Participant: 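Below you'll find the structure I mean.
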Amino acid sequence: MVARTSARLGKIGHLAELLGRVPPAEAEIAIAYLSGELPQRQIGVGWRTLQDVPEPRQVATATLAEVDERLTAIKAQVGPGSHAAKKASVAELLGGVTRQEQTFLLRLLHGELRQGALEGVMIEAVAKAAGVPAAEVRRALTVRGWLPAVGAAALAGGVEALRGFTLEVGRPVAPMLAQSAADVAAALAKVGVPAALEWKLDGVRIQVHKSGGTVAVFTRTLDEITSQVPEVIEAALTLPAREAVLDGEAIALRLDGRPEPFQVTAARVASRTDVASARATTPLTAFFFDLLRLDGRDLLDLPGAERFAALEASLPASLLIPRLVTDVPAEGEAFFRDAVRHGHEGVVVKSLAGPYAAGRRGAGWVKVKPRHTLDLVVLAAEWGHGRRQGKLSNLHVGARDPETGGFVMLGKTFKGLTDALLTWQTARFLELAIGPTDSWVVTVRPELVVEVAFDGVQRSPRYPGGMALRFARVLRYRPDKRPDEADTVDTVRALMP
DNA sequence: TTCCGACAGTGGGGTCGCAAT
DNA sequence: ATTGCGACCCCACTATCGGAA
């Protein structure tokens with residue numbers, strides 16, 4: 001019903017009505033499921049485990065609490081034999097529910113609920129069901145980070161219960177996100193001048209919580225990585241502040257201070273088995289750009305300029321992100337070019353006045369990155385899902401190889417396509433198809449040239465040229481260009497770091 | 001009435017750790 | 001030893017709704 005209702009207010013109404021009927025003990029589970037999440041977060045079940053689903057039952061027997069218990073048990077199945085055990089448990093669970101419930105559970109477990117109601121809509125639904133302002137729910141969520149818990153509290157105790165949620169050292173806060181802009185001038189126009197510009201480092205976002213001698217480190221998705229980043233812990237422990245919540249970036253730097261490719265930083269942070277040797281070969285450096293709490297005082301609602309002043313006063317300069325405050329666009333442009341010249345991703349332009357909008361992609365922060373483009377050739381396309389069902393969506397694109405006269409695939413992209421373009425390209429690809437068109441991938445004669453934008457070229461173990469484009473997106477088709485006028489692999493190779 | 005902010009959806013490449021083969 | 005799978009690090013972009021202007 002929620003999925004069938006396209007109007008957002010309609011969805012909110014349906015969800016609120018549903019929440020009003022859920023027993024209090026199951027409210028948390030209901031809110032989690034309806035917004036596409038599991039209380040267990042991950043349970044080690046993916047698409048493979050969800051194949052070969054048994055026939056559902058005619059009548060419902062399972063309660064939400066029982067399903068939740070079973071999922072907890074499935075998560076706990078680890079070690080030898082766990083694949084088969086998980087598969088059996090999942091089959092048992094799915095075989096014990098009705099067809100409707102099974103469909104819902106399958107989508108939930110796949111992580112593709114697709115009913116147009118994730119956290120943003122659920123916040124409104126919780127507010128409506130509990131009879132509280134949505135702003136109160138949002139505020140509690142920013143400091144608690146887990147809507148089902150916040151929602152259950154709101155349903156049980158109203159505004160008073162929501163007011164009980166405060167920033168707690170040791171529990172991560174949803175990090176503030178940034179919008180993007182094409183250039184520094186556009187970014188300055190969005191946030192207003194004067195504004196702060198900071199280097200955008202191509203590393204891993206870190207939120208560091210220090211309380212006395214205890215330090216915890218979390219990622220953008222609030223996963224804890226404390227044990228993987230001892231350098232960050234040591235840095236936090238040297239700070240004079242007794243208690244602090246810091247926002248920043250961890251990145252692997254080379255000896256000359258230039259950044260390693262993102263792949264290197266990501267691999268380092270992901271390494272858990274031998275952190276000491278990983279650290280010896282690939283040390284991490286932490287840079288901080290925000291301070292959310294300092295010695296018992298919450299700073300979230302302070303203007304950006306004040307938060308940074310507090311940060312500056314609490315950290316050695318070596319831990320601070322390089323930053324410039326200006327109202328002159330040309331100075332901002334120069335700072336941006338300098339960041340790129342140092343090998344970094346670009347800059348983030350920040351409002352001096354705005355609060356720390358936890359969990360929001362507010363207009364207070366705007367990122368600017370340089371953009372590369374290439375004219376590439378479409379080699380194949382994949383059939384889309386969901387709202388792209390029936391449309392050839394995901395393009396395989398390649399560069400010309402002057403040696404062989406053929407084309408070398410550099411990656412896939414589905415971004416930047418409008419509905420009209422999807423319709424057009426589906427028809428065009430079917431005309432150009434080589435071989436079957438009902439297969440997952442439809443191979444086409446390499447005749448269409450497409451202009452693709454991307455952030456950079458990275459080493460690839462997957463593609464024959466050993467290179468792949470990062471964040472490729474379609475800008476437009478180039479009907480004025482023939483495939484033999486497309487860019488070559490040599491051009492791409494020259495862009496490798 | 002038009003504009004624009006926020007949200008949801010549609011997927012991308014790379015890497016690690018673990019279990020299965 | 002290698003492969004398959006799940007999880008998660010980075011992410012861009014369009015369509016849509018509904019409140020703001």
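All figures in this text were calculated on a predicted structure; none of them were measured in a lab. In what follows, chains are A, B, ... by sequence order, proteins preceding strands, each numbered from 1.
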Participant: Which heavy atom in A:Ala286 sits nearest to a heavy atom in A:Val232, and how many Å separate them?
Facilitator: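 Smallest interatomic distance, heavy atoms only, reads CB-CG2, 4.2 Å.
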Participant: Working note: A:Glu224 + A:Arg171, criterion salt bridge (Lys or Arg N to Asp or Glu O under 4.0 Å); need CA distance, chi angles, decisive distance, verdict.
Facilitator: CA-CA 10 Å; A:Glu224 186 165 359; A:Arg171 188 153 66 190; over 6 Å; no
Participant: B:dC18 phosphate, OP1 or OP2: any side-chain N/O from A:Ser82 under 4.0 angstrom?
Facilitator: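 So the side-chain polar atoms of A:Ser82 never come under 4.0 Å of the phosphate oxygens OP1 or OP2 of B:dC18.
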Participant: Rounding to a whole Å, what distance do you find between A:Gln228:CD and B:dT15:C1'?
Facilitator: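 Checked: the CD to C1' distance equals 13 Å.
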Participant: Which pair of heavy atoms, one from A:Gly13 and one from A:Lys128, lies closest together, and at what distance?
Facilitator: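 Shortest heavy-atom separation between A:Gly13 and A:Lys128 comes out as CA-NZ, 4.0 Å.
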Participant: Among A:Val474, A:Val449, A:Val444, find the one that has a side-chain contact (heavy atoms from CB on, under 4.5 Å) with A:Val378.
Facilitator: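 Testing each of A:Val474, A:Val449, A:Val444 against A:Val378, the sole residue satisfying side-chain contact (heavy atoms from CB on, under 4.5 Å) is A:Val444.
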Participant: With heavy atoms under 4.0 Å as the rule, sort A:Asp223 into base, sugar-phosphate or nothing.
Facilitator: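 The residue A:Asp223 makes sugar-phosphate contact but no base contact.
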Participant: Determine the contact category for A:Val474: base if any of its heavy atoms lies under 4.0 Å from a base atom, sugar-phosphate if only primed atoms, P, OP1 or OP2 are that close, otherwise nothing.
Facilitator: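 Result for A:Val474 = nothing.
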Participant: C:dG6 P sits how many Å from A:Leu71 CG, rounded?
Facilitator: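 Answer to the nearest Å: 15 Å.
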Participant: Report yes or no: do A:Gln179 and A:Lys190 form a side-chain donor-acceptor pair below 3.5 Å?
Facilitator: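 Result is yes, a qualifying pair exists.
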Participant: Taking atom types as modelled, find out whether A:Tyr477 and A:Gln425 have a side-chain donor-acceptor pair closer than 3.5 angstrom.
Facilitator: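 Yes, because at least one side-chain N or O of A:Tyr477 sits under 3.5 Å from a partner of the opposite role on A:Gln425.
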Participant: For A:Leu9 and C:dG19, what is the distance between atoms CG and C1' respectively, to the nearest whole Å?
Facilitator: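 Rounded to whole Å, this separation is 10 Å.
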Participant: Near DNA chain C, under 4.0 Å by heavy atom, which residues of residues 448-472 of chain A?
Facilitator: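 By residue number: A:Arg470, A:Phe471.
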Participant: Mind calculating the distance between NZ (A:Lys87) and P (C:dG4) to the nearest angstrom?
Facilitator: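 Roughly 15 Å, once rounded to whole Å.
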Participant: If you compare every side-chain N and O of A:Arg473 against the phosphate oxygens of C:dC13 (OP1, OP2), does one of them come in below 4.0 Å?
Facilitator: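 Answer is yes, contact under 4.0 Å.
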Participant: Could you please spell out the steps behind the side-chain contact (heavy atoms from CB on, under 4.5 Å) verdict for A:Leu38 and A:Leu109?
Facilitator: CA-CA 8 Å; A:Leu38 297 177; A:Leu109 295 174; 4.0 Å; yes
Participant: Counting any heavy atom closer than 4.0 Å, what does A:Lys369 reach on the DNA or RNA strands: base, sugar-phosphate only, or nothing?
Facilitator: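 Sugar-phosphate, no base atom in range.
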Participant: Kindly point out which of B:dG12, C:dG4, B:dG9 is positioned nearest to the side chain of A:Arg48?
Facilitator: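 Output: C:dG4.
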Participant: Please state whether the phosphate of B:dC7, meaning OP1 or OP2, lies under 4.0 angstrom from any side-chain nitrogen or oxygen of A:Arg138.
Facilitator: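 So the side-chain polar atoms of A:Arg138 do come within 4.0 Å of the phosphate oxygens OP1 or OP2 of B:dC7, strictly under.
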Participant: Could you let me know what C:dT16 is paired to, Watson-Crick or G-U wobble, both distances under 3.5 Å, or none if it's on its own?
Facilitator: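 Partner of C:dT16: B:dA6.
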Participant: Would you jot down, in residue-number order, the residues of residues 408-430 of chain A having a non-hydrogen atom under 4.0 Å from DNA chain C?
Facilitator: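 Close to the strand are A:Lys415, A:Gly416, A:Leu417, A:Thr418, A:Asp419.
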Participant: Taking A:Glu249 as the fixed residue, which of A:Leu201, A:Ile321, A:Leu284, A:Asp202 is the one that meets the side-chain contact (heavy atoms from CB on, under 4.5 Å) rule?
Facilitator: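 Only one of A:Leu201, A:Ile321, A:Leu284, A:Asp202 forms a side-chain contact (heavy atoms from CB on, under 4.5 Å) with A:Glu249, namely A:Leu201.
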Participant: I want to confirm an ordering. Mapping A:Gly386 and A:Phe262 to their closest nucleotides on DNA chain B, which one lands closer to the 5' end?
Facilitator: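 In this pair, the answer is A:Gly386.
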Participant: Check this for me: A:Arg41, atom CZ, are more than 12 non-hydrogen atoms of other residues, nucleotides or ligands nearer than 6.0 Å?
Facilitator: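 Yes - once you tally the heavy atoms of other residues, nucleotides and ligands closer than 6.0 Å, there are more than 12.
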Participant: Is A:Ser271 reaching over with its side chain to a backbone N or O of A:Val275, donor-acceptor style, under 3.5 angstrom?
Facilitator: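 Side chain of A:Ser271 to backbone of A:Val275, a donor-acceptor pair under 3.5 Å: no, none is there.
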Participant: So, is A:His385 near the phosphate of B:dG11, with a side-chain N or O under 4.0 Å from OP1 or OP2?
Facilitator: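 Indeed, a polar side-chain atom of A:His385 lies that close.
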Participant: Hey, does A:Trp365 have a side-chain heavy atom less than 4.5 Å from the side chain of A:Asp290?
Facilitator: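 In short, these two side chains touch, coming nearer than 4.5 Å.
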Participant: Atom CD1 of A:Ile225 to atom P of B:dG17: distance rounded to whole Å?
Facilitator: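 After rounding, the reported distance stands at 14 Å.
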Participant: With nearest nucleotides of DNA chain C determined for A:Arg272 and A:Arg8 from heavy-atom distances, which residue corresponds to the more 5′ nucleotide?
Facilitator: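 Its nearest nucleotide being more 5', the pick is A:Arg272.
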Participant: Nearest nucleotide by nearest heavy atom, which residue falls closer to the 5' end of DNA chain B, A:Met122 or A:Asp274?
Facilitator: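 On the 5' side of the pair lies A:Met122.
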Participant: Determine, for A:Phe414 and A:Arg388, whether the Lys NZ or Arg CZ falls below 6.0 Å from the six-membered ring centre while staying within 45 degrees of the axis.
Facilitator: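 Pair A:Arg388/A:Phe414 does not count as cation-pi.
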Participant: Report the distance from atom NE2 of A:His83 to atom P of B:dA20, rounded to the nearest whole Å.
Facilitator: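 Result: 5 Å.
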Participant: On the 0 to 90° scale, with breaks at 30° and 60°, tag the A:Trp199-A:His344 ring pair as parallel, tilted or perpendicular.
Facilitator: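 If you compare the ring of A:Trp199 with that of A:His344, the planes turn out tilted.
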Participant: Could you check A:Val45 against A:Leu201 and say which one's nearest nucleotide on DNA chain C is further toward the 5' end?
Facilitator: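 The residue whose closest nucleotide sits nearer the 5' end is A:Val45.
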Participant: Any base atoms under 4.0 Å from A:Lys200, or only sugar-phosphate, or nothing? Heavy atoms, all strands.
Facilitator: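 Touches sugar-phosphate only.
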Participant: Taking any heavy-atom pair under 4.0 Å as a contact, classify A:Gln115: base, sugar-phosphate, or nothing.
Facilitator: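 The residue A:Gln115 makes sugar-phosphate contact but no base contact.
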Participant: Whether A:Ser180 contacts C:dA12 is assessed here as follows: a side-chain N or O lying under 4.0 Å from the phosphate OP1 or OP2. Is that the case?
Facilitator: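 Looking at the OP1 and OP2 atoms of C:dA12, neither is under 4.0 Å from any side-chain N or O of A:Ser180.
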Participant: What integer distance in Å separates A:Gln40:CD from C:dA7:C1'?
Facilitator: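 Distance, rounded to whole Å: 16 Å.
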Participant: Across the strands shown, which category fits A:Arg387 at heavy-atom distances under 4.0 angstrom: base, sugar-phosphate, nothing?
Facilitator: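 Sugar-phosphate contact only.
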Participant: Does A:Ile43 reach a base, just sugar-phosphate, or nothing at all? Heavy atoms under 4.0 Å.
Facilitator: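 Sugar-phosphate, no base atom in range.
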Participant: May I ask you to evaluate whether A:Lys190 reaches the phosphate of B:dG5, defined as a side-chain N or O under 4.0 Å from OP1 or OP2?
Facilitator: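 So the side-chain polar atoms of A:Lys190 never come under 4.0 Å of the phosphate oxygens OP1 or OP2 of B:dG5.
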Participant: Should A:Asn394 be listed as having a side-chain N or O under 4.0 Å from OP1 or OP2 of B:dG12?
Facilitator: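 Yes, A:Asn394 has a side-chain N/O under 4.0 Å of OP1/OP2 on B:dG12.
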Participant: Just to confirm, is there a sub-4.0 Å distance from OP1 or OP2 of C:dC5 to any side-chain nitrogen or oxygen of A:Trp47?
Facilitator: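 Answer no for this pair, as no side-chain N or O of A:Trp47 is under 4.0 Å from OP1 or OP2.
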Participant: Check whether the ring centres of A:Trp440 and A:His396 lie less than 6.0 Å apart, and answer yes or no.
Facilitator: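 No, too far apart.
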Participant: Using a heavy-atom distance cut-off of less than 4.0 Å, which residues of residues 264-271 of chain A contact DNA chain B?
Facilitator: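 Output list: A:Ala267, A:Ala270, A:Ser271.
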Participant: Taking atom P of C:dC10 as reference, at what distance in whole Å does atom NZ of A:Lys367 sit?
Facilitator: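 Spelled out: NZ on A:Lys367 to P on C:dC10 is 10 Å.
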